[in-house]
2 protein chains.
Amino acid sequence: MNENRPTPSRRIAEDLRSDITSGRLQPGWKLPSGRELARRYGVTQNTANRALSILAAEGLIVVKTGSGTYVRESHPIRRLGPDRYARHKWQNTIVTVHADDRPDGETVEQQGGQTQDVALTEADEEIAAALGIEVGAPVYERARVMTRDNHPTHTMNSYYRREDVEGTAIVDPRPGIAGRGGGFAVLSERGLEPYEITEDISARMPTTEEALLLELPAGEPVVEVRRTTRTREGRPIEYARGVHAASRFLWSFTYPIPD
Amino acid sequence: MNENRPTPSRRIAEDLRSDITSGRLQPGWKLPSGRELARRYGVTQNTANRALSILAAEGLIVVKTGSGTYVRESHPIRRLGPDRYARHKWQNTIVTVHADDRPDGETVEQQGGQTQDVALTEADEEIAAALGIEVGAPVYERARVMTRDNHPTHTMNSYYRREDVEGTAIVDPRPGIAGRGGGFAVLSERGLEPYEITEDISARMPTTEEALLLELPAGEPVVEVRRTTRTREGRPIEYARGVHAASRFLWSFTYPIPD
DNA sequence: TAGTGGTCTAGACCACTTC
DNA sequence: AAGTGGTCTAGACCACTAA
């Protein structure tokens, strides 16, 4: 099947798409209803709906069932660079347990919140390789869901060797500890000062669970970030895996050209 | 509408999905046909097809019209890091014009090829900002489509200030010049040695044109890379914008934690 | 309660691939 | 020629939203 044979639904989608990209339909505006499009183009409602779902899969519109379909509004995009791990942001952090009376440094996450779950589990192959331990070895998992303006934006699951964090605030299941820098501060106190980070970045479509958890509209991919943190000696102290709603973030790296 | 109400099509999709993730259906294997599923589940072919298109949108299967649907096979993933720009890869490159008699250094791109289009055009806002010039100023655009095993993997459009590359091999429309390092070598000869790179990385669904050009299956997002190259003095000499098939690449960055 | 998107059945045809 | 995915009409019902 020629992927671009003009079928009625594709023609309708095309019209609407050009209305959107040209600005005739502004972000946030409501599109004609499926029944209205059906009437206008002399097709079935089913066919008109198909046109809408094409645009939804492209991420151009957002569907609010029962209400209508709307031109997608772009969120402000957060630029993520190495700075967000900067030492001065956690170096002098007093590790408190309650989110409310945290002194400062957490203005980084302003307007943001997070849930937290801590569990002792076993290292799978990926975690084991990253932390330099055996598969099945006990690791602490700190699972977080970050939110912004009351909507989830990304998850971040950190893994630590058991002996590295046993008894520390990291393992305290109460929320509040270790926003961005708390974990690093705790590790530092333990003599495991973070020195180097490796970030691996890739993108894919979300699983159904992720789509639900992150409230992703149809047509929104996710970016997967795998982060390994090591001491100056190269000893891995944290492995983290995060899933981000793609439209809300941008990763930025600046580096000198290597020899 | 509850996004997870179990409808017939979703139930079928769910069954197939678990067959795939569990390994009962191996990558490359053929799924039951729509008509067969319809018969098995007692639904319309239309409904069965809908189930398949759900999986396609998730990127789990690949559809070969007229032949069948198949469990998606994962490509080998290329890991992209700063090394690919390393000086030794282009420092001593003799800039030849024909791809065939290139001395070496291009083993980097083994099994790969590229098309090339050069044009003199006008800087849009984004390009102008990156290159530090006025909007509408003349820039050379070098548009490339990279292929691997005869399939396109990504595009890369580079932009240069006109005066920087006028008369150089970069502007020669014949293919062959400037695979990875050629452009850098030429700029170096002009006294504009690349020193620092900034890469901005984001992901989204492809436009219809991109999907066609990159032969993207349904449910494959793209990663957009914006690269700015500067001299030691901070003078921008190249701005490039690339679109990558997400499933074929991974970006990796290692850096010390900043202060 | 009226309007919205979402989904379904039943039946049909098209373009493509495979043999 | 048989089988495949893709799409369509016609008509129907459901769950949800908003007034």
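In what follows, chains carry the letters A, B, and so on, assigned in the order in which the sequence lines appear, proteins first and then strands, with residues in each chain numbered from 1.
For C/dG6, the OP1/OP2 oxygens have no side-chain nitrogen or oxygen of B/T7 closer than 4.0 Å. For C/dT18, the OP1/OP2 oxygens have a side-chain nitrogen or oxygen of B/S67 closer than 4.0 Å.
In terms of position on DNA chain D, the residue among B/G34 and A/A48 whose nearest nucleotide sits closer to the 5' end is B/G34. Looking at which nucleotide of DNA chain D each of A/P8 and B/L52 is closest to, the 5′-most match is held by B/L52.
Residue contacts for A/T44: at a heavy-atom cut-off of 4.0 Å it reaches a base atom on one of the strands shown. Counting any heavy atom pair closer than 4.0 Å across all strands shown, B/S53 reaches no nucleic acid atom.
With values rounded to the nearest 0.5 angstrom, B/E14 atom CD is found 10.5 Å from B/L16 atom CG. Rounded to the nearest 0.5 angstrom, B/L214 CG and B/H244 NE2 are separated by 9.5 Å.
Here C/dC8 presents its P atom at 12 Å from CG of B/N49, a figure rounded to the nearest Å. Taking atom CZ on B/R50 and atom P on C/dT7, their separation rounds to 5 Å, with Å as the unit. Distance CD (A/Q45) to P (D/dC14): 15 Å, rounded to an integer number of Å. Computed from coordinates, the B/K64 NZ to D/dG3 C1' distance equals 16 Å when rounded to whole Å. One interatomic measurement links the two molecules: OH of A/Y70 to C1' of D/dC16, which rounds to 12 Å at whole-angstrom precision. Put simply, CD on A/E36 is 13 Å from C1' on C/dT4, counting in whole angstrom units. The separation between A/K30 atom NZ and C/dT4 atom P is 6 Å, rounded to whole Å. Rounded to whole angstrom, the span from the CZ atom of B/R10 across to the P atom of C/dG5 amounts to 16 Å.
Enclosure of atom CD in A/Q26 by more than 12 non-hydrogen atoms of other residues, nucleotides or ligands within 6.0 angstrom is indicated.
In the set D/dT7, D/dG5, C/dG5, D/dT7 carries the atom at the smallest distance from any side-chain atom of A/S9.
Contact of B/R35 with D/dG5 (side chain to base): a donor-acceptor pair of N or O atoms is detected under 3.5 Å.
Contact of the B/R17 side chain with the B/R10 side chain is not registered, since no non-hydrogen atoms from C-beta on lie closer than 4.5 Å.
Residues B/S252 and A/D200 share a closest heavy-atom pair of OG-OD1, 2.7 Å.
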